[in-house]
Q: 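Okay, handing you the structure first.
Note that ligands are numbered from 1 as they come in the structure, with each ligand's atoms numbered from 1 the same way. Small disclaimer: the values here were computed from a predicted structure and weren't measured.
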Amino acid sequence: MDNERQAIIRALAEPKVEMTLKAWFKRPMKSTDASIKARVDGNQLFIAKGHNSEMHENIWKFYSESIANAPSASNELALAYGNRSALLLHLQKFQESIRDIDRALAITTSSNLKQKLLKRKATCVTALAEDETAEDIGNKTKVLSLNKEELMKNVSNIIPNNDFNFSEKVEEDKAKIQEILATKKAADPYDSVSIQHNEKFGRHLIANRYIKPGEIIMVIKPYIKCLNLKNMHAFCGHCLKTSWATIPCDYCNWCMFCSEDCKQEAWQQYHDIECPVIPYIMFDQLGDYWKQLALRSTVMAIREAGGIQNLKEELDLVDNCNSKLHKGFLNGKFYNDRFQSIYSLSDHTSEDALKVHIDHALLSLIVLAKSTTLFGRNMKFMKSKDLLSNKDVIFIGSLLLKFLKISDINTHSVMEGSSLCRFSKNLNQCLEDRCCARGACIAPIPSMLNHSCDPNIRKCFTEDMHLIIYALQPIKKNTQLFDSYLGCYFQTPMSQRQLAMKEFNFTCNCTPCRKKWSAILIDKTKTIVKKENEDFEQKLFDKLRPLFQSTKNLDAHYCLSTLDYLSGNIEKATSSLIPPSYVTALLISTLWTVFDYIYGMKLQPVYHLQVCCTNIVFVVFYLSNKTYHSEKVHVLCLLQLVYILAYVFLDYTIH
Ligand SMILES: C[S@@+](CC[C@H](N)C(=O)[O-])C[C@H]1O[C@@H](n2cnc3c(N)ncnc32)[C@H](O)[C@@H]1O
């Protein structure tokens with residue numbers, strides 16, 4: 001860490017450090033004004049007409065932000081929980097709404113608010129009871145063995161090309177998917193790959209055997225993860241899972257958690273140290289992932305090693321290892337959950353990025369020194385010489401810088417499980433707005449993956465935040481696994497890819513870059529099916545057209561057999577079609593849509609069309625069965641009809 005050490009010493013000697021220390025101010029952790037502002041912003045959106053999914057999510061984020069900012073046990077906190085509970089009721093998330101109502105009731109002293117909350121709770125409880133009744137009716141449908149084919153025919157008339165939208169085996173599939181994931185989580189990540197090193201690629205992963213498209217290579221837990229700035233108030237800041245009814249940290253106005261368990265675990269692992277630092281460093285989107293990941297990695301490493309002194313000794317061992325392959329290995333193995341592994345990862349950032357990282361490391365270091373007890377309870381850092389003369393401060397500053405550089409190169413985005421934006425935005429807009437990118441993580445074994453613009457693997461996150469690496473193309477024994485860092489050749493033009501690659505400080509020399517393949521799936525000037533591939537490509541395209549088209553539909557459903565079907569076709573296409581082939585590219589991009597749909601995490605908004613179709617099935621069933629013509633079911637049927645009409649005539653989206 002010599003380079004980082006020198007950079008930190010130089011930075012600490014700059015006049016701006018003295019000025020920062022002189023002008024030091026205590027940042028307010030919670031703020032009544034900020035809480036009120038976020039709640040009012042949420043209210044304004046809530047009362048506006050024509051809500052769509054994106055608006056609902058924004059209102060939810062405003063109310064959560066209001067909760068995060070409200071001082072503990074304050075009236076503002078009760079009001080913020082109360083308002084979020086109203087939204088959750090509107091979204092028919094009754095259980096979550098009740099949780100927020102109970103939290104508000106436990107705090108508020110206002111009898112007016114209490115009355116409103118109790119009324120809302122009664123509505124939720126009634127709705128939950130009705131849900132049970134509806135479930136009963138559904139179960140009875142199965143007993144009566146309703147003519148399912150006929151029902152599906154009705155639905156097919158509404159959704160053309162329904163072949164791939166309906167799986168007879170959905171329930172069977174669900175159990176199988178869970179079983180596959182559990183087996184893979186328990187398996188050794190090195191079952192089908194090993195780490196190798198050469199001068200051209202540095203460390204990389206090699207297949208130990210043939211791996212077929214769609215096959216899961218490993219499922220592992222990231223070492224460290226965080227949310228991005230846009231989503232700090234939306235999901236659990238520790239496990240990153242979706243939770244509609246989050247609870248705030250008692251001190252800072254940033255972190256929220258899905259449960260008391262997550263809140264406690266985060267506190268014990270890193271949040272006790274991070275809590276006073278976060279409000280100072282999370283002021284903009286620049287490096288929001290890196291700053292958090294570096295800070296969390298530093299605190300976790302100190303804890304794992306058993307103190308700063310032990311950590312210094314452990315890291316010296318890594319630094320003194322002469323083997324480029326075995327750096328960070330422990331007892332001959334590269335673990336996914338040890339700080340030594342993270343510390344040994346590649347850190348070749350660009351010169352421009354380095355300047356930004358030094359500034360970020362410096363800021364985190366100063367706040368750690370001023371606002372925490374990391375360097376001792378009685379330490380007072382009044383002047384820059386106090387920082388410069390403290391060996392632990394220099395060491396932690398160097399480590400923060402090192403982890404910032406490592407995070408820059410080795411971060412995996414935690415994305416929603418779909419290749420389509422939830423709000424139907426184009427890829428660039430979606431990335432810029434961070435609609436589907438929830439956060440980021442570091443996982444050392446997947447960090448061994450090098451880049452190719454024609455990748456043979458892809459990553460996907462499960463609902464419980466495990467990282468899956470799966471094959472996109474056939475991978476022969478002893479060949480390298482390649483990920484795509486910033487876009488594949490068939491979707492992203494070469495100029496854009498090469499610009500993005502500068503961040504990683506290497507020149508991509510993959511076949512699409514060398515042979516200048518066109519971005520075949522978006523380049524409208526090229527003929528779709530190549531002459532050389534003749535009939536086969538056209539035939540394959542015609543056969544798979546409905547499946548390809550289904551990927552443009554957010555409401556499409558897929559099952560495990562769709563994945564097998566695609567896998568077989570990719571094997572056929574890659575062995576028979578001359579690349580670059582339009583159909584092979586389509587097959588690969590369809591495989592990831594299907595795989596991510598099956599295994600990936602989603603925010604799971606209920607899209608209107610889905611609800612509408614379910615309602616049509618219900619109404620058809622009701623009209624054709626006199627057995628259930630009770631008063632209650634009449635009302636239900638009428639409501640379903642209103643819903644269908646609203647969808648058809650008003651194009652009104654409801655979660
Ligand atoms: C996430 S790491 C991948 C593992 C890395 N090879 C190592 O030795 O740790 C990313 C870095 O690997 C190198 N790299 C990735 N893809 C490459 C490629 N196709 N050719 C050469 N170097 C590559 C670059 O230095 C990049 O910054």
Side-chain angles (χ1 to χ4, degrees), residues 1 3 189-190 193-207 217-218 220 222-225 287 289-290 293-294 297 318-319 321-330 333-336 338-354 356-357 402-414 440-459 467 469 472-473 475 479-489 492 494 496-517:
M1 257 199 316
N3 292 342
Y190 297 106
V193 294
S194 50
I195 303 179
Q196 288 194 8
H197 177 272
N198 63 28
E199 282 312 312
K200 182 176 175 196
F201 288 108
R203 292 199 281 193
H204 52 273
L205 293 179
I206 293 280
I217 299 168
M218 64 177 85
I220 46 179
Y223 175 82
I224 193 117
K225 43 195 182 311
Y289 292 135
W290 311 328
L293 291 171
S297 303
V318 182
D319 282 336
C321 171
N322 290 325
S323 159
K324 287 182 181 163
L325 172 62
H326 297 111
K327 234 181 208 323
F329 278 49
L330 289 167
K333 208 169 165 188
F334 189 72
Y335 289 93
N336 198 56
R338 297 292 174 89
F339 68 85
Q340 287 92 339
S341 306
I342 301 264
Y343 182 76
S344 75
L345 296 177
S346 179
D347 67 349
H348 320 295
T349 45
S350 63
E351 281 300 313
D352 287 347
L354 183 62
V356 175
H357 294 324
K402 175 89 176 165
F403 280 147
L404 276 158
K405 286 161 64 186
I406 287 170
S407 304
D408 185 345
I409 300 287
N410 296 280
T411 295
H412 310 288
S413 282
V414 179
C441 74
I442 301 182
I445 302 176
S447 286
M448 294 288 114
L449 290 161
N450 282 323
H451 165 86
S452 165
C453 302
D454 186 17
N456 51 14
I457 68 100
R458 193 175 146 86
K459 293 169 303 210
L467 176 54
I469 297 179
L472 281 180
Q473 305 198 40
I475 308 174
T479 55
Q480 190 177 165
L481 274 64
F482 284 106
D483 187 10
S484 151
Y485 293 174
L486 296 152
C488 300
Y489 82 87
T492 312
M494 188 158 146
Q496 262 182 44
R497 301 195 313 262
Q498 292 190 336
L499 193 70
M501 219 48 73
K502 281 196 175 136
E503 226 181 272
F504 291 89
N505 241 354
F506 76 98
T507 310
C508 186
N509 197 28
C510 66
T511 312
C513 286
R514 268 188 286 114
K515 298 197 173 169
K516 300 193 170 38
W517 287 357

Q: Do the side chain of H204 and the main chain of G202 share a donor and acceptor less than 3.5 angstrom apart?
A: yes
Q: Below 6.0 angstrom between ring centroids: does that apply to F339 and F403?
A: no
Q: Name each N or O atom in ligand 1 that is under 3.5 Å from a protein N or O, and give the partner atom and the distance.
A:
unit_1	atom_1	unit_2	atom_2	d
ligand 1	6 (N)	F201	O	2.8
ligand 1	6 (N)	R203	O	2.9
ligand 1	6 (N)	N450	OD1	2.8
ligand 1	8 (O)	R203	N	2.7
ligand 1	12 (O)	N450	OD1	3.3
ligand 1	14 (N)	N450	OD1	3.2
ligand 1	16 (N)	N450	OD1	3.4
ligand 1	16 (N)	H451	N	2.9
ligand 1	19 (N)	H451	O	2.9
ligand 1	27 (O)	F504	O	2.8

Q: Taking ring-ring contact (aromatic ring centres under 6.0 Å, His included) as the test, write out the residues that go with Y343, two or more places apart.
A: none
Q: Check salt bridge (Lys or Arg N to Asp or Glu O under 4.0 Å) between E199 and all other residues, then give those that pass, not counting sequence neighbours.
A: K324
Q: For the residue pair W290 and H357, categorise the inter-ring angle as parallel (less than 30°), tilted (30 to 60°) or perpendicular (more than 60°).
A: perpendicular
Q: With sequence neighbours left out, what residues match S323 under side-chain contact (heavy atoms from CB on, under 4.5 Å)?
A: C321, L325, H326
